[in-house]
Amino acid sequence: MADDATYVIRSGVGALERLELIARLCAPATLAFLTRTGALGGPRFLDVGCGIGDVAVRAAAAGATDAVGVDVNAEVVAGAAARAARLGSTARYVTGTFADLGAGDLTGFDVVYARCVLSHLPEPGPAVAAMLRAVRPGGLVLVEDVEVAAVWSAPVEPALVRHVELYVAAARAIGARPDVGPDLAGALRAAGAEAVEVDVVQPVLRDPADLRIHARTMEAIADPVLAHGLATTAEIDDLVARLDAWADEPGVVATLPRFVQVAGRRPA
Ligand SMILES: C[S@@+](CC[C@H](N)C(=O)[O-])C[C@H]1O[C@@H](n2cnc3c(N)ncnc32)[C@H](O)[C@@H]1O
């Protein structure tokens, strides 16, 4: 998964700015999810596919004495560690994948969490089963992930409609699941989780700086869009320019994808 040829969104250090924006836009709904489920304050918290590592930093700030982020991409892990150090956080980061969960010190966590990761995998089942292996008996597994096609704007913006269409097509073309959200609860139950709870949130964007997430994401998916012949470079450049200009139009309202938030417990 570290190889951009198999990953719909360009990863690595060049993507950190975009991940920083996403972390800020997702933070309110994520914090509400973590608070509602009682996930904050336990001693050991693991964030799988942590990206810039923002959620582990927040878990550490809320009292976790061992807040850990794991990510398949070593460059991303180095960036997360540097960011946490800059923020004075005790969160720590390791390079690894779902296959590493449940072994070494990646086991016995009070909470194992993943956001916007399962939508990049062919299916959520094995990943969720691995998360259950990394949590202690009675501990919490939390996943939140997207249904990308649910993005909307008012008024309707054709460039956004086309961008979403290209995202969904490119993700499916590389075997990812841009529509995984509604399948998460079933995956958790099938993996043996108990007390599974589901909620749905959809962050709203109004500020130009926030609305630009769609232009930045269009840039970030250019490689798989081109590789699968879904659009030309000229169309991608035109869409990015139109999405940037649209973000500055007065009165525009748009959303991020719909997020499905699912919590379950490993049987005690
Ligand atoms: C879209 S980013 C989400 C980052 C972070 N969870 C967030 O919500 O801000 C997906 C992250 O998952 C990581 N990733 C993808 N496949 C993975 C795997 N199999 N195991 C661990 N990390 C993975 C990527 O390197 C990337 O940093």
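All ligand and atom numbering here is 1-based and tracks the order in the structure.
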For the residue pair [Y] / [X], report whether a side-chain donor-acceptor contact shorter than 3.5 Å exists.
{"X": "T65", "Y": "R44", "value": "no"}
{"X": "R133", "Y": "T107", "value": "no"}
{"X": "T30", "Y": "E144", "value": "yes"}

*Which part of H120 is near ligand 1, with near meaning a heavy atom under 4.0 Å away: side chain, backbone, both or neither?*
side chain

*At under 4.0 Å between heavy atoms, which part of C50 makes contact with ligand 1: side chain, backbone, both or neither?*
backbone

For ligand 1, which atoms, with element, lie under 4.0 Å from some heavy atom of [X]?
{"X": "N73", "value": "25 (O)"}
{"X": "F98", "value": "18 (C), 19 (N), 20 (N)"}
{"X": "T97", "value": "20 (N), 21 (C)"}

*Take atom CD of E165 as the centre, draw a 6.0 Å sphere, and report whether it contains more than 12 heavy atoms from other residues, nucleotides or ligands.*
yes

*Nearest option to atom 4 (C) of ligand 1, as decided by whichever heavy atom of G49, A99, A74 sits closest*: G49

_Among A27, G51, C116, closest by any non-hydrogen atom to atom 3 (C) of ligand 1_ = C116

*Tell me whether V77 is reachable from V117 by hopping between hydrophobic residues (I, L, V, M, F, W, Y) whose side-chain heavy atoms are closer than 4.5 Å.*
no

*Compare all side-chain heavy atoms of Y113 with those of V48 and state whether any distance is below 4.5 angstrom.*
no

*Check: V225 and E235 side chains under 4.5 Å, non-hydrogen atoms*: no

*If you take all heavy atoms of F109 and V135, which pair is closest and at what distance?*
O-CG2, 3.1 Å

Among the heavy atoms of [X], does any lie under 4.0 Å from an atom of ligand 1?
{"X": "D71", "value": "yes"}
{"X": "A23", "value": "no"}
{"X": "A114", "value": "no"}

*Can an N or O of V76 be found at a distance shorter than 3.5 Å from an N or O of ligand 1?*
no

